[in-house]
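For reference, the structure discussed in these notes is given below.
A quick note: this is a predicted structure, and the numbers were derived from the prediction, not measured. A, B, ... follow the sequence lines: proteins, then strands. Residue 1 opens every chain.
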Protein chains: 2
Amino acid sequence: MIFSSELIKGTLKTILLKLLADNSKMYGYEITQKVKEMTADRIQLTEGALYPTLHALEQEGLVTTQIEYIGKRVRKYYSLSPAGKSRSQEKLSEFADFVNTMKILLDLDLKTA
Amino acid sequence: MIFSSELIKGTLKTILLKLLADNSKMYGYEITQKVKEMTADRIQLTEGALYPTLHALEQEGLVTTQIEYIGKRVRKYYSLSPAGKSRSQEKLSEFADFVNTMKILLDLDLKTA
DNA sequence: CAAAGATACATAAGAAACCAATGCATTTAC
DNA sequence: GTAAATGCATTGGTTTCTTATGTATCTTTG
């Protein structure tokens, strides 16, 4: 991650769950590109962070996988399970709560920032 | 930290620099209480995180220390150096930038969250 | 058509940052 | 007089991320 890497710590699962909540299925490389595009290159997920986290989400039962072949190339799609959908919402409100707490603590004015 | 501990990772230095920017001198225990109070108990700094971070800030030349005795009890005050003051502002705008990026990525509405 | 770059998966070793636990000592409140 | 609060600090372990590496296919460009 190029932009403020220390700040982003702990938010990766939240990002992944939200992306998968908005898109019925996505694969790893697609996720990296989508995040890069949506953040104007400010967040670039590395594979070393992405894949272990996706595997962890799968083991927690929050995502399911589905393999497709594009020619001979493997592509592994990830989708949210029902548990993943509710977890996604939990994570989002948790993050919103966190940001509001930090706004008070840091006296931030986010409208002009 | 009681509240969303994984999210708070990486924000501790920012919190400390901001508090010290607003208060000319503070000591460790005072910081933990102030943060607890300002966040309605949602963020409780642990000593294991706090003291190493304060020491790191001191070694980076961002804070200076000053020991006082209250009766026989030692109290170690921390203050921002000039470098610490500008670093504080950098960290704050970096965090604001980060939040705005995440708002886009997560499609957050922070007014009602 | 060869080479470079993009696409696509993945793991391993190490660093960074935090948490829980522990330790020591003084002061205050019941 | 003892429990809780005040006040400093370190240690060991875990989680999470970064950097580096590995394998393989497809596309573009000179």
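For the pair A:Ile70 CD1 and C:dC9 P, the computed distance is 10 Å after rounding to whole Å. The separation between A:Ile15 atom CD1 and D:dT16 atom P is 14 Å, rounded to whole Å. The distance between atom OH of A:Tyr78 and atom C1' of C:dA8, rounded to the nearest whole Å, is 11 Å. When the P atom of C:dT22 is taken as reference, atom CD of B:Glu47 falls 14 Å away, rounded to whole Å. One atom, CD of B:Glu68, and another, P of C:dT26, lie 19 Å apart when rounded to the nearest Å. Following rounding to the nearest Å, B:Lys34 (NZ) and D:dG7 (C1') show an atom-to-atom distance of 19 Å. B:Leu7 has its CG atom 11 Å from the P atom of C:dC19, to the nearest Å. In this structure, the CG atom of B:Leu50 is 17 Å from the P atom of D:dT11, given to the nearest Å.
Where A:Gly71 and B:Tyr51 meet DNA chain D, the nucleotide closest to each residue was compared, and B:Tyr51 sits on the side nearer the 5' end. Mapping A:Lys13 and B:His55 onto DNA chain D by nearest heavy atom places B:His55 closer to the 5' end of the strand. Nearer the 5' end of DNA chain C, as judged by each residue's closest nucleotide, is the contact made by A:Pro52, out of A:Pro52 and B:Thr53.
Look at A:Glu90 and A:Arg87 and you find a salt bridge, because one of the NZ, NE, NH1 or NH2 atoms lies within 4.0 Å of a carboxylate O, short of that distance. A salt bridge between A:Glu30 and A:Lys25 is absent, with no side-chain N of the basic residue lying under 4.0 Å from a carboxylate O of the acidic one.
You'll find that the side chain of B:Lys9 is closest to D:dT16, out of D:dT16, D:dC26, D:dC8. Candidate nucleotides C:dC9, D:dC8, C:dC18 were compared by shortest atom distance to the side chain of B:Lys76, and D:dC8 ranks first. Between C:dA17, C:dA8, D:dT16, one nucleotide has an atom nearer to the side chain of A:Arg75 than all others, and that is C:dA8. Nearest to the side chain of B:Leu12, among D:dA9, D:dT18, C:dC18, sits C:dC18. Looking at the side chain of A:Ala49, the nearest of the listed nucleotides D:dC17, C:dC9, D:dC26 is D:dC17.
Heavy atoms of A:Gly48 sit under 4.0 angstrom from at least one base atom. Among the heavy atoms of the strands, none lies under 4.0 Å from B:Glu30. Contacts of B:Arg73 with the nucleic acid, taken as non-hydrogen atoms under 4.0 Å apart, include base atoms.
Within a 6.0 Å sphere centred on CD of A:Gln89, heavy atoms belonging to other residues, nucleotides or ligands number 12 at most.
When atom types are taken as modelled, the side chain of B:Thr14 and the backbone of B:Leu92 share no donor-acceptor pair closer than 3.5 angstrom. The backbone N or O of B:Leu62 lies less than 3.5 Å from a partner atom in the side chain of B:Ser81, making a donor-acceptor pair.
Here the side chains of B:Lys91 and B:Phe95 are not in contact, with every heavy-atom distance at 4.5 Å or above.
When the side-chain nitrogen and oxygen atoms of A:Thr46 are compared with OP1 and OP2 of D:dT18, one or more of them lie within a distance under 4.0 Å. Side-chain nitrogen and oxygen atoms of A:Tyr27 include at least one within less than 4.0 Å of the OP1 or OP2 phosphate oxygen of C:dA8.
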